[in-house]
Amino acid sequence: MRIWALLLVGFCGCVRSQLGTCDDVLCPTDLVCVPTTNRCENANNVAACQAQAANTACVSETVSDGICIDAVCRPRGCGNGVIEADEVCDDGNTNSDDGCAADCRSDERCGNGVLDHGEYCDCGDSAAARPAGCVGANSDDVGAQCDTRCTRYCGDGAITGSEDCERNVASTSTCADFGFYAGELSCSPSCRFETATCAGRCGDGVVQIDNGEECDQNIPDQSCVAVGFDYGAIECNPRCYADIASFCKRFGWQRLGNGSIDNFWAFGSRRVMYDEVHSMLTVHANGTDEVSAGALQMARNQSAAVVATATTFRVFDAAGEHPVAIPPSLVGSIYEVAIDSASRVSAVDNACVLYRQNGATWTTWTITAPDSPEPAPRLLGCRGLAAVGPDDFVVAAGSQIVAVHTGAEGPVASSLILAGTAPQVGNVASDGSVMVAAYDSGPGPNFYAYRAGQLSQVAFFTSASAASIEVVAGRRLFATTENGFEGGVLALLRIFDGDQTWQLNAPLSIRLFLAADQKLYGYGNGLYEAEEFIASESYFFSERSVQGLALGSHNEVYVGLDDYAFGIPTPSPITGLAARGDQRFVISNGLLEHTTASPQWLPVAGVPTDVSMVRRSSSNQVFAANRLALYISETEGAAFISNRLTAVSGCSSTLWVEGADWYNVWQCPTSVVVQKHVSNRWQTIDTVPRTANDQVSSTQAPDGTLLVLAGQQIFRYDQSGSDHFDAPAMGIISARSRDEVFLLPHRNQFEDDALWRWQQARWTPIDIDRHEIAERDYLLATPLEVVVGSAVSGQFIFPSQVIRLFRSNL
């Protein structure tokens, strides 16, 4: 055999001189035989491991970082046949599917916690080897993420891991969980929910009244005035409800001063007031009033005002005050003055000569009769003027109101706006409108708004001799006085909204001015400023309604008053509040906002704009929720993390979260469904039948016990299970513990007012003065006291109607 081997090698040309033998193998002269393995190896690699122990580090000419294996220096790494520190196995190759993975990091066993080739999952067979993302070890239970064969995958019939669903496997999720009203939720081939088969949702542009929508990407039909507010334009919010709270406002008139005021202008803290009867001008600046006589007339727009004296025009604007000399031809004559938005003064005399200031000089035109052929006759009897722009004017003359456009030279062009007796021209409003009036039909003058060549009639008649117009939130406001009941004088504020006119009460003899800083003033028999939502000195007693109670970190009780919470006004009425340390939380128009030391509300990052609940637990967690998810902030200043809810279609929910005990109470048409958060999932633990007339109330005690009042039974849930006991009446409940419960019955259920207390397995009534509690709306049991709240509701509330709190240290 050896001879034939020699001949074969010789014929192949591979045998060199001085061959060495290694058992039955011949080694070339540059290799040496290693007797322990009977293999030919590089002489340098063998020399590097002479007298070295196995698995010690080595270096040779061909191996820069090696390890001694079978007396030879070999490179480190997977495939060298030695299980090194970071390897699980090493079978001498880098192949998979042979009991050792190609990277030597897995023995390719199902249950080792490594996802190997051919495995769909592997969560390990012990807690110590559990990889990230696995909540439990491999198990053949249906709910486990991975089974003991590592074959769990999308399509295996079990909803596991990150899967939303499995085809042909029943799911509690519905289209309603994703905001749809109808349809069947489907499951995609990748085990994700698909909503393509769902139908109807807020945002599809179709108003679905049967599903509670009031609007959908359109402007609601109602006006703010129609629903009891003073002005504003209702918008459609992202939840398809008419957003009244955000866009509808009230004026809240506050009296600033007395006296008769016939014209008015303001900029910042500076106010200019003109009394025509007494020819008096009052300029309020720096907290003092400068009163001067000899004021002949006044005109203004939003930007500037002008007051005429015998020899001077006093001009007021953002820069301050400066005089303008009256043209000599106007001194002592009868004229009307006006001012445009660039503070340029204009005037028209009784002969219908139009004057316009151009710096220190004056330019004049003769106004011709409207729509007359050339040569057009002069217009006569001018006695009203408004400067709409630098070259455009509105003039009242004789029995006409005309629009005048000045030219560079020659007579000015004019066109008829309105014909009628006793024509009047008002001040220029904030949108460039001019109020004009004339007796053109009916018993009194008709009022019109003229703007950009268009005349819009105001749909009412009045016997007033003057009126004014302003524009707030896109709505034209007209103010006037007219004869009221039995000859009395009634002040009216009318809002022109599209083709409708709405009437509101206003301070006596009011006209309007909207300043550049958007403050709305009313003047006439006194001066008034309209402030939105004027707050009382004490926000616990004001023209507001209670919206919620919150327990602070030190058991202090906070009361939320529609758009006022923790002493800070909110941009819209609140629907929930909570307190934790220095942090304060409110829900305002579905938006969760917070504040610390700063007296302003800021949106909470990471929480959507449709939350309906915010609450603090005794363990100082803060929870917020909408229909689809619960948002949790564990500690003060910590971000909110979402936890998905399991919704019940057609039902409304109330969340209760106290420490480790989380409950969700769903109020449905024929039942109350109670869910508890267990093992990171929401599970239904009870379903209580109810009729449509049964009122449901729920609460959670500081020890975590959930109590639900349905019918006239209270159902109790805690770590030990559930039970129930009878209640003396329907109402609202609160609790200090599972064994101390308070019930505030709805009104008219008893002759005497009573707060009922459940303790030592029996009910005991506690008297409450009927006069102190006008309505029963809020009940809060704290470790220190029991608070009963009453709400004064309605849109128009007198200050004497106050919110009362009954506190008891029971």
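We find the CD1-CD distance between Ile159 and Glu166 to be 6.5 Å, quoted to the nearest 0.5 Å. Note: Ser106 OG to Asp122 CG = 8.0 Å, rounded to the nearest 0.5 Å. The distance from the CG atom of Asn45 to the SG atom of Cys58 is 7.5 Å, given to the nearest 0.5 Å. Rounding to the nearest 0.5 Å gives a distance of 7.5 Å between NE2 of His117 and OG of Ser96. Distance check: Trp662 CH2 to Trp682 CH2 gives 7.0 Å after rounding to the nearest 0.5 Å. Separating the CG atom in Asn211 from the CG atom in Asp216 is a distance of 11.0 Å, to the nearest 0.5 Å.
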Walk me through it: do Phe193 and Phe178 pass the test side-chain contact (heavy atoms from CB on, under 4.5 Å)?
-> CA-CA 10 Å; Phe193 284 134; Phe178 296 87; 3.6 Å; yes
Should Leu185 and Phe180 be marked as a side-chain contact (heavy atoms from CB on, under 4.5 Å) after you check the CA-CA gap, both sets of side-chain angles, and the distance that decides it?
-> CA-CA 10 Å; Leu185 197 63; Phe180 291 91; over 6 Å; no
List the steps and the verdict of side-chain contact (heavy atoms from CB on, under 4.5 Å) for Val708 and Ile714.
-> CA-CA 5 Å; Val708 179; Ile714 293 181; over 6 Å; no
Checking side-chain contact (heavy atoms from CB on, under 4.5 Å) for the pair Trp666/Gln675: CA distance, chi angles, key distance, verdict?
-> CA-CA 8 Å; Trp666 292 88; Gln675 293 179 341; 3.1 Å; yes
Evaluation steps, side-chain hydrogen bond (donor to acceptor under 3.5 Å, both in side chains), between Asn664 and His677 | CA-CA 8 Å; Asn664 202 355; His677 195 259; over 6 Å; no
Could you go through the salt bridge (charged side-chain N to carboxylate O under 4.0 Å, His left out) check for Asp718 and Lys676 one step at a time?
-> CA-CA 10 Å; Asp718 57 18; Lys676 187 174 184 180; over 6 Å; no
Candidate pair Arg149 and Asp147, rule salt bridge (charged side-chain N to carboxylate O under 4.0 Å, His left out), full reasoning | CA-CA 5 Å; Arg149 296 175 301 283; Asp147 58 9; 3.5 Å; yes
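With hydrogens and angles left out, the side-chain atoms of Asp204 and Gln208 include a donor and acceptor closer than 3.5 Å. Using a 3.5 Å distance cut-off with no hydrogens or angles, the side chains of Glu658 and Gln700 do not pair a donor with an acceptor. Judged purely by distance below 3.5 Å, without hydrogens or angles, the side chains of Asp661 and Trp656 never pair a donor atom with an acceptor atom. A donor and an acceptor atom, one from each side chain of Asp739 and Ser737, are nowhere located under 3.5 Å apart.
Taking the six-membered ring where the residue is Trp, Phe715 and His724 present tilted rings, their angle falling between 30° and 60°.
Although no hydrogens or angles enter the test, the distance criterion places a donor-acceptor pair under 3.5 Å between the side chain of Asn42 and the main chain of Asn44. The backbone N or O of Asn626 lies less than 3.5 Å from no partner atom in the side chain of Ser612, so there is not a single donor-acceptor pair. Judged by distance alone, the side chain of Asp90 and the main-chain N or O of Gly81 form a donor-acceptor pair under 3.5 Å.
In terms of heavy-atom proximity, Gly79 sits nearest to Cys104 at N-SG, 3.8 Å.
Asp65 is linked by a salt bridge (charged side-chain N to carboxylate O under 4.0 Å, His left out) to Arg76, counting only residues two or more places apart in sequence or in another chain. The salt bridge (charged side-chain N to carboxylate O under 4.0 Å, His left out) check on Arg39 picks up Glu41, with sequence neighbours excluded.
Under 4.0 Å is where a charged nitrogen must lie from a carboxylate oxygen, and between Asp125 and Arg109 at least one such pair does.
Residue pairs satisfying the side chain to side chain donor-acceptor pair (under 3.5 Å) criterion with at least one member in residues 170-185, sequence neighbours excluded, are listed as follows: Tyr181-Glu213.
Counting heavy atoms of neighbouring residues, nucleotides and ligands inside a 6.0 Å radius, atom CD of Glu61 does not exceed 12 of them.
Residues Val614 and Val586 have side chains not in contact (no heavy-atom distance under 4.5 Å, counting atoms from C-beta outward). You'll find the side chain of Tyr717 reaches within 4.5 Å of the side chain of Val674, heavy atoms only.
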